[in-house]
Amino acid sequence: MKDIFVPRRMWRPRGELKRRYDVVVVGGGSHGLATAYYLAQRHGVKDVCILEKSYIGSGASGRNTTIIRANYRTPEGAEFYGQSVRLYEKLSQKLGFNLMFSQRGHLTLAHSDRALVTMQERAEVNKLLGVNSSVIGPAEIEALCPQLDVSERPTWPIMGALYHPPGGIIRHDAVVWAFARAADELGVDIHPYTEVTGFERANGRVTAVETNRGRVECGQVVSATAGWSTLIAGMAGLRLPITTHILQAFVTEPLKPFLDVVIVSSQLHVYVSQTDRGEFLIGAEIEPYTTYCGTGTLSFLEISARHSIELFPQLERAKVLRTWTGLCDLSPDYSPILGRTEVDNFHVSSGWGTYGFKAAPIVGVTLAELVATGKTPDLIAPFALERFHTDTLVSELAAAAVSH
Amino acid sequence: MSFYLPCPYCGPRPVDEYAYFGEVTHRPGPSPSMRELTDYVYFRDNVAGVQREWWQHRLGCGEWFLADRDTRTNEVLDVLLPSPERVREERLGSPPVGAEPMASEVT
Amino acid sequence: MRLPAQTGERIDRSTELSFRLGPWDVSGYAGDTIGSALFAGGRRVFSRSFKYHRPRGLLCCAGHCPNCLMTVDGVPNVRVCVEPLREGAVVEPQNVLGKLDFDLLRVVDKVGGPFTPVGFYYRTMIRPRRMWPLYEKFLRNVAGLGKLDEHAGHTRRYDVEHKKARVLVVGGGRAGRAAALEAASQGPGVVLVDESDRLLRSELAGVEVLAPARALGIWEGNLVPVDCGTVLYRFRAERVVVATGTIEQPLVFPGNDLVGTMFPRAVRRLIRDFSLQPGQRAVVLATDERGLEAADDLGEAGVAVERVVDLRESPLRRIEAQARAGRVRGVLLDDDVVECDLLVASGGRQPAYSLLAQAGGLVEFDPDLGVLVPTEHPPGVEAVGSVTGEGLEKVDPLPSYHGRGKCFVCVCEDVTTKDVKRAITEGFDSIELAKRYTTVTMGPCQGKLCQLPSVRLYAQERRVYETDIGSTTARPPWAPVELGLLAGRHLEPTRRTSLHFRHEETGARMMWAGPWRRPYAYSDYPEQEVRAVHESLGVIDVSTLGKLLVEGPEAAALLERLYPNRFGDMKPGRIRYGVLTTDGGRIMDDGTVARLSDDLYYVTTTSTGSDAVTAWFEWWNAVWGYDADIVNVTGALAALNLAGPRAREALERLTEDDVSAEALKYLDAREVEVVGVPCLTLRIGFVGELGYELHFPSPAGEHVWDRLVAEGAVPFGLEPQRVLRLEKGHVIVGQDTDSESNLLSAGMSWLPKLDKDDFVGKSAVELFAEREERELLVGFRMEENVVPPEGAQVVIEGYPAGRVTSARRSDEVGAIIGLAWVPSDRAEDGTRFEIRVERQLRGARVTHGAFFDPAGERMRS
Amino acid sequence: MSLSFLSPSRCAPGTLASPLTRTLDTVSDTAPWSEAGLRAEGVRHRLRDLSSDGKVEVRGDLDLVEPADGEELIRLSPRRGLLLVDDDPAEAADRLRTYGVRAYDATGALAGLAFEGEQLARRLTDLDLERLPAAGAFARIGAILVRDEGDRFRAYFPQELGHYVAEVVLDAIDGLDNR
């Protein structure tokens with residue numbers, strides 16, 4: 001509370017790059033910052049720096065649609081994201097910064113009986129792993145969200161939903177800043193506007209990182225660079241099973257509270273929530289083609305607007321205020337690629353597609369443990385890059401190759 | 001609707017008329033190792049720069065072609081027709097199944 | 001309270017329009033905006049601010065600022081200063097607790113200050129954790145602006161029209177008009193878009209004028225959507241000329257948001273367009289000619305102009321507006337207090353570069369002009385006029401920010417200079433970070449009025465040049481746009497078979513199956529439809545099956561390489577089951593392949609697979625270059641499956657061709673004329689009984705269906721079909737398999753012919769054969785009378801270890817049967833495993849082979 | 001085996017129905033925004049159902065194809081085309097095969113609709129109306145669009161989407177006043 005009356009710096013001003021760090025984290029987003037924080041906080045590894053080519057949180061951490069949930073399809077996924085949600089629940093208190101985690105409930109709508117089966121499967125997996133989720137019918141949906149059009153009028157009437165009460169939204173920037181502040185306090189050096197341009201390698205290891213501000217020797221390297229993962233890994237001599245796509249979203253002008261839950265419709269490729277500021281935040285499916293070009297598309301706006309109004313006709317005259325795009329690193333099975341690689345001291349957090357932000361704290365905890373102890377935690381063992389070489393995928397995709 | 005893509009037959013059309021099938025891959029010869037096979041099936045160059053890739057003019061003439069596109073700007077520098085000769089020379093491999101990322105819960 | 005008629009006034013004094021403001025009846029003239037009519041009626045407070053609930057009045061009169069946002073006819077956040085007045089309009093204030101002039105939440109402004117600095121919510125309300133939902137509820141309720149009508153929606157018709165232009169000019173000011181005329185002199189296809197309705201079309205010969213209309217952005221390929229209210233014109237332009245001019249900027253000083261503070265152009269509009277006196281006693285702080293012009297306008301309108309300060313010549317150290325009840329009552333100029341109720345001030349003009357920047361152009365701070373200017377334009381886009389900075393004078397408005405009262409950098413979000421300074425102190429030292437922290441530029445004006453002041457403040461506070469600050473990214477749209485307009489019409493592509501309406505008439509419950517609408521069942525008792533097929537005769541519409549012709553001398557070679565099993569050795573007139581796999585060995589689709597002649601095959605796919613399979617075939621054929629064509633005839637043909645013990649006798653009565661058991665054997669394909677329609681007849685048994693799939697021209701769909709039904713065939717839907725095929729243990733690709741399933745794990749190891757040189761997926765199958773599958777797809781019978789839901793989990797030691805993909809009660813089998821993925825060490829015939837159903841573990845046993853008629857005698861009969 | 005099972009013209013008289021006639025009736029009477037019958041009348045004048053017109057899908061070297069009188073060849077690519085025929089499409093397909101191309105009766109596959117008005121066309125497609133015929137996005141689906149004299153257009157599209165297209169076109173006509 002005293003911070004209210006006396007302004008206090010969140011983090012030290014950017015200093016000079018040291019000649020060497022024990023751990024160099026590439027990427028100043030939620031994953032990189034969380035990893036650095038837990039390295040220092042849990043393992044006492046404080047000789048850590050973060051290299052961020054722009055400002056902290058400038059990538060996916062600050063461009064996602066802030067949804068947190070754990071109702072995944074695979075047991076591996078549900079368990080992993082379940083732990084992440086539990087960490088998020090206490091993170092405001094732990095970091096002393098209000099992340100405004102609003103566990104208002106998350107509803108994934110089904111517009112076909114096939115979709116309902118997929119949800120049933122998720123609900124059953126979730127329950128076994130202690131993740132609160134269940135399939136509910138239109139009457140219960142209406143009770144939770146009376147504003148939703150549950151009639152037969154829409155082209156795709158709502159048949160049911162997967163209800164996930166602990167799911168919700170959070171203030172995404174706050175997560176970045178809180179981790180940054182806490183990491184900085186523990187001595188982690190944060191270097192914004194410091195772009196990695198290459199790696200020096202010897203004996204199958206990365207020995208130094210080259211940046212636009214000079215060279216840094218390193219003990220270990222963590223790459224948490226989402227859409228740019230392929231490029232960073234490429235500098236270390238690694239090829240990844242990743243393609244980069246844009247994901248787009250928009251907000252409306254602020255409106256008084258109207259929608260109290262998070263609504264997702266996979267079939268309509270749209271998800272809708274209302275921020276605490278009152279804006280409706282609406283996002284879509286990723287664009288099908290790979291690109292690093294962050295220009296949005298008009299058709300995204302048109303389709304998302306149409307589908308949002310299908311769900312909420314009341315939004316017809318609400319106004320779109322701002323649209324933006326972010327880069328997503330899509331893996332073949334929609335599960336992350338986390339942990340060790342064939343380059344001995346080069347670790348990755350990648351392959352998140354559109355799910356990365358939900359995993360920030362648990363990525364921090366597990367990657368920090370791996371880097372500090374050299375042992376891969378059980379929780380992330382299934383997400384090793386190696387699975388693509390052995391062809392043992394962890395598929396978050398429900399449908400067959402050709403979706404039904 | 002975003003960038004225009006020049007169909008070799010129909011001329012420039014909005015990208016929404018096309019199906020995208022990813023960067024070209026190279027199919028290994030007979031009896032590859034698991035590693036060689038998975039390199040082909042899963043791993044991608046995903047370059048930030050000019051990439052040769054597969055497109056089909058789904059809503060138009062329906063034909064397949066190759067495009068050289070700069071993924072940093074979406075500018076298409078060239079379009080080429082697939083020919084068995086080209087395919088043999090370049091050992092072109094299969095695109096991912098399905099034209100678009102598969103339906104999943106996006107967030 | 002109008003002035004005498006002004007030359008060029010836009011109101012029509014002979015037409016009075018009445019409307020309502022809350023409970024009050026008010027009126028104005030035709031030609032008024034709602035804002036001008038309210039102002040004429042004496043209203044000065046139009047809204048309450050976002051955070052502090054401070055009273056706000058007209059500021060820009062140009063639709064840029066948030067000060068006049070009101071709810072009109074149930075539509076929230078309408079900028080009434082530019083909203084034309086309509087008879088009967090109902091206008092309501094928003095974001096107010098109580099009345100506009102007496103907002104109970106104004107207490108936030110009085111006491112909140114020290115407690116609610118920028119980002120206060122990040123630092124408070126953290127403990128106890130369980131209180132947060134309550135705090136949040138309060139925060140949410142005080143945030144937000146207008147209120148959505150819970151029952152609104154689909155009240156307006158919006159259309160979309162595609163248009164082309166050789167040259168599209170955005171902005172009808174002097175430069176825009178000149179550019180349009182210049183372009184028009186070179187030929188047709190010139191369009192001018194302008195936000196106002198004041199353009200004289202007669203002066204723009206040869207130019208198509210769209211006004212009032214608003215270009216929302218410039219997307220790749222010079223796609224420019226233009227908002228015309230209820231029609232969205234999607235322009236494709238060869239050249240776009242941006243002539244959007246400038247936007248007046250607020251001067252930043254304490255009290256700069258008080259009611260009675262106005263921009264020079266707002267004053268001019270009120271006087272000249274609406275014949276309104278903006279105040280009684282005015283002080284004008286001019287930074288350019290427009291300010292001085294405003295002073296002249298005021299004088300002519302009879303306003304007492306108490307002081308005019310040309311800040312270029314006589315800069316002030318200190319400006320501080322003084323307030324009474326939220327309104328200007330005077331202004332301190334250095335040490336001098338001047339009483340006034342109108343304070344006209346501007347911080348100069350900023351080029352309205354957003355369209356250019358959104359399209360990928362560069363924007364930089366121009367130290368000579370003191371504003372941000374576009375420097376590099378995207379290809380195919382040009383800029384003319386003052387948006388380029390042309391004609392602007394250097395503005396250096398740096399009065400002191402110190403003084404009593406809040407000093408706003410951003411009126412949308414109620415961000416003060418103190419907030420920005422504090423953000424910098426706290427370490428948010430890049431403009432993008434600060435934007436996210438302070439929310440400057442994130443409000444309704446999207447930076448139109450706050451980008452420049454915040455850059456100036458940043459530079460001053462950090463003691464660097466503005467050129468080093470940069471600017472936040474401009475994001476489309478240029479101005480807020482209704483979702484309804486972007487959405488356009490609501491109809492969505494829906495595939496219907498030629499029997500769609502017959503099904504509806506028969507009482508079918510229709511459901512989505514991929515892109516198709518299909519009957520679930522024809523009554524609430526699908527089991528009766530199952531029984532009809534087992535005992536007598538049923539018919540199902542399977543027109544949705546993908547259907548491909550593969551023709552050419554190398555058609556056989558192509559299929560041999562596409563499918564794991566063999567098709568080259570088939571005799572014409574025979575049918576074989578086929579499963580397609582990817583090079584990764586995953587199952588992608590299945591169906592039947594009939595050889596119609598040596599070089600002609602007829603391939604069916606799953607109902608949702610036809611497009612993908614067609615593309616898949618074409619792609620491989622493009623790669624391999626076989627002499628074969630692939631033609632998707634899915635829509636050309638209706639398909640009906642006539643199934644049941646009576647199928648043959650029924651068919652015999654409807655055709656003169658020989659369909660005897662000898663002439664048309666199981667897995668034979670023949671052309672048979674049925675009720676006058678040539679049918680490709682496939683004798684296959686997906687539902688386990690004697691059956692014929694009739695494929696024939698889709699326009700004859702209803703005719704054939706009607707005759708089959710008249711012959712006693714009972715229509716059956718998807719649900720009964722699912723039961724029937726499950727009794728046979730037939731897999732549905734995409735339901736029982738997923739993106740990871742392969743031929744070996746799905747129990748089809750018999751299918752691939754590994755002695756073939758090559759087929760898609762061969763290497764994967766070979767490699768998979770060397771390892772043990774993690775899980776296998778098996779049939780099962782429940783030990784108890786419980787139907788597990790599809791998706792139910794196979795549980796081993798409390799952990800999910802497999803899943804049910806299909807489960808139904810089968811009257812015919814007399815058991816609850818299903819298909820499930822189980823760990824490979826639990827897949828032996830007869831192995832017991834447990835499924836979690838409604839919190840309880842229920843036993844099931846693995847059952848290999850079909851549940852019903854395992855020898856297949858019935859379908860072969 | 002022949003491909004006559006593709007040809008509606010091989011079916012006995014009285015067995016065929018267009019995917020549009022019925023849907024046009026259904027839609028115009030029930031359109032909630034329509035001023036009922038009056039509007040429907042206007043609609044009928046402007047639209048013509050082309051679904052039963054002969055259409056042949058051609059594959060192969062299109063330069064080998066010599067359209068006969070009353071036939072119109074629409075080239076989609078050097079190897080793909082659509083031949084519109086006045087006479088029996090099944091016979092036309094047989095004839096085309098003698099030229100050395102492959103041909104398939106597509107009469108049942110494609111529904112067709114003729115309509116008038118450039119503005120109506122612009123409400124339905126982004127295609128360049130000065131460069132028709134062309135295949136491309138029309139009413140959010142893939143279709144072939146042909147321009148006849150003046151402002152008359154023909155669209156050919158998959159019959160299973162016929163009802164949908166009819167709905168969209170009727171709806172667009174109804175919205176022409178909105179400008």
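The model shown is predicted, which means the values in this text are computed figures rather than measured ones. Every chain is numbered from 1, with letters handed out A, B, ... down the list of sequences. All values below come from the heavy atoms of this structure, side chains included, with hydrogens, waters and symmetry mates left out.
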With a 4.5 angstrom heavy-atom cut-off, which part of A:Glu79 approaches chain C: side chain, backbone, both or neither?
-> side chain
Heavy-atom distances under 4.5 Å only: say whether A:Asp276 touches chain C with side chain, backbone, both or neither.
-> both
Which portion of A:Tyr55 sits near chain C, non-hydrogen atoms under 4.5 angstrom | side chain
Against chain A, work out which of C:Met511, C:Arg127, C:Lys137 has the most heavy-atom pairs shorter than 4.5 Å and name it.
-> C:Arg127
Under 4.5 Å from a heavy atom of chain A, the part of C:Phe50 involved | side chain
Below 4.0 angstrom, N of the basic side chain to O of the carboxylate: do A:Asp173 and C:Lys435 qualify?
-> no
C:Arg586 vs A:Asp391, salt bridge (Lys or Arg N to Asp or Glu O under 4.0 Å): CA-CA, chis, key distance, verdict | CA-CA 11 Å; C:Arg586 304 312 203 267; A:Asp391 206 359; 2.8 Å; yes
Region of A:Ser54 that comes under 4.5 Å of a non-hydrogen atom in chain C | neither
In terms of heavy-atom proximity below 4.5 Å to chain C, should A:Thr252 be classed as side chain, backbone, both, or neither?
-> side chain
Taking side chain as C-beta onward, heavy atoms only, is C:Glu719 less than 4.5 Å from A:Asp113?
-> no
Proximity breakdown for C:Ser741 and chain A, heavy-atom pairs closer than 4.5 Å = neither
What part of C:Val481 gets closer than 4.5 Å to chain A, counting heavy atoms only: side chain, backbone, both or neither?
-> both
Under a 4.0 Å N-O cut-off, is there an ion pair linking A:Arg73 with C:Asp738?
-> yes
Counting only heavy atoms closer than 4.5 Å, note whether A:His307 contacts chain C via side chain, backbone, both or neither.
-> side chain
Check whether any side-chain heavy atom of A:Gln120 sits under 4.5 Å from a side-chain heavy atom of C:Gln793, and report yes or no.
-> no
Decide, yes or no, whether a salt bridge links C:Arg839 with A:Glu124 under the criterion of side-chain N to carboxylate O below 4.0 Å.
-> no
A:Arg171 and C:Tyr121: side-chain donor and acceptor closer than 3.5 Å?
-> no
Does the ring centre of C:Phe428 sit less than 6.0 Å away from the ring centre of A:Trp11?
-> yes
So, the side chain of A:Gln93 versus the backbone of C:Ile126: is there a donor-acceptor pair under 3.5 Å, distance only?
-> yes
C:Lys147 side chain vs A:Leu255 backbone, donor-acceptor pair below 3.5 Å = no
Do the non-hydrogen side-chain atoms of A:Ser299 and C:Trp219 ever get within less than 4.5 Å of each other?
-> no
May I ask you to name which of A:His111, A:Glu89, A:Gln274, A:Glu310 has the most heavy-atom pairs under 4.5 Å with chain C?
-> A:Glu89
Most heavy-atom pairs under 4.5 angstrom with chain A, which of C:Leu486, C:Thr494, C:Leu483, C:Val804?
-> C:Leu483
Compute the ring centroids of A:Phe101 and C:Trp132, then answer whether they are less than 6.0 Å apart.
-> no
List the steps and the verdict of side chain to side chain contact (heavy atoms under 4.5 Å, CB included) for A:Asp260 and C:Arg140.
-> CA-CA 10 Å; A:Asp260 294 332; C:Arg140 288 187 71 194; 3.1 Å; yes
Test item: C:Glu740 and A:Leu393 side chains (from C-beta on) under 4.5 Å apart, heavy atoms = yes
Measure distances from A:Leu99 to the heavy atoms of chain C and classify the residue's part below 4.5 Å as side chain, backbone, both or neither.
-> neither
Tell me, for A:Ser134 versus chain C, whether the close heavy atoms (under 4.5 Å) come from the side chain, the backbone, both or neither.
-> neither
Start with the C-alpha gap between C:Glu136 and A:Met100, add the side-chain angles, then the distance that decides, and say whether side chain to side chain contact (heavy atoms under 4.5 Å, CB included) holds.
-> CA-CA 8 Å; C:Glu136 190 197 16; A:Met100 293 185 263; over 6 Å; no
Which one, C:Asn95, C:Leu767, C:Val795, leads in non-hydrogen pairs under 4.5 Å with chain A?
-> C:Asn95
With a 4.5 Å limit on heavy-atom distance, are the side chains of A:Glu302 and C:Leu232 in contact?
-> yes
Is atom NZ of C:Lys418 surrounded by more than 12 heavy atoms (other residues, nucleotides or ligands) closer than 6.0 Å?
-> no
Between A:Pro257 and chain C, which part of the residue has a heavy atom less than 4.5 Å away: side chain, backbone, both or neither?
-> both
Looking only at heavy atoms, the pair that brings A:Arg9 and C:Asp429 closest together is NH2-OD2, 3.9 Å
Do C:Glu220 and A:Thr295 meet the criterion of a side-chain donor-acceptor pair at a distance under 3.5 Å?
-> no
Could you look at C:Glu413 and say if it's the side chain, the backbone, both or neither that has a heavy atom under 4.5 Å from chain A?
-> side chain
Would you mind checking if A:Glu121 and C:Arg803 are paired as a salt bridge, meaning a charged N to carboxylate O distance below 4.0 Å?
-> yes
Could you check C:Arg79 against A:Glu253 for salt bridge (Lys or Arg N to Asp or Glu O under 4.0 Å), going step by step and ending with a plain yes or no?
-> CA-CA 12 Å; C:Arg79 286 153 178 80; A:Glu253 288 183 338; 2.9 Å; yes
Is chain C contacted by the side chain of A:Leu259, its backbone, both, or neither, given a heavy-atom distance below 4.5 Å?
-> backbone
Scored by heavy-atom pairs under 4.5 Å with chain A, the best of C:Asn141, C:Leu69, C:Asp736, C:Val160 is C:Asn141
Does the pair A:Asn98 and C:Thr124 meet the rule for a side chain to side chain contact (heavy atoms under 4.5 Å, CB included), with working shown?
-> CA-CA 7 Å; A:Asn98 192 346; C:Thr124 52; 5.6 Å; no
Residue part contacting chain A, namely of C:Pro133, when any heavy atom lies under 4.5 Å = neither
Between A:Trp156 and chain C, which part of the residue has a heavy atom less than 4.5 Å away: side chain, backbone, both or neither?
-> both
Report yes or no: does A:Arg322 contribute a side-chain atom to a donor-acceptor pair with the main-chain N or O of C:Met442 at less than 3.5 Å?
-> yes
Give, as side chain, backbone, both or neither, the part of C:Thr605 having an atom under 4.5 angstrom from any heavy atom of chain A.
-> neither
Donor-acceptor pair, side chain of C:Asn77 and main chain of A:Pro254, under 3.5 angstrom | yes
Determine, stepwise, if the pair C:Glu482 / A:Glu316 fulfils side chain to side chain contact (heavy atoms under 4.5 Å, CB included).
-> CA-CA 7 Å; C:Glu482 291 180 3; A:Glu316 187 174 86; 6.0 Å; no
Does a side-chain N-to-carboxylate-O contact under 4.0 Å join A:Arg181 and C:Glu426?
-> no
Ignoring hydrogens and geometry, is there a side-chain-to-backbone donor-acceptor pair from A:Lys256 to C:Ala143 under 3.5 Å?
-> yes
Could you tell me whether a side-chain N or O of A:Arg122 sits under 3.5 Å from a main-chain N or O of C:Gly791, the two making a donor and an acceptor?
-> no
Residue among C:Arg771, C:Arg129, C:Glu790 with most heavy-atom pairs under 4.5 Å to chain A = C:Arg129
Please test A:Arg317 against C:Asp149 for salt bridge (Lys or Arg N to Asp or Glu O under 4.0 Å), starting from the C-alpha separation and ending with a verdict.
-> CA-CA 10 Å; A:Arg317 305 202 64 182; C:Asp149 180 351; over 6 Å; no
Examine distances only and state if a side-chain atom of A:Gln314 and a backbone atom of C:Glu150 form a donor-acceptor pair shorter than 3.5 Å.
-> yes
With only heavy atoms counted, which part of A:Arg12 is less than 4.5 Å from chain C, the side chain, the backbone, both or neither?
-> neither
With chain A, which of C:Pro76, C:Gly484, C:Pro66, C:Gly427 has the greatest number of heavy-atom pairs at distances under 4.5 Å?
-> C:Gly427
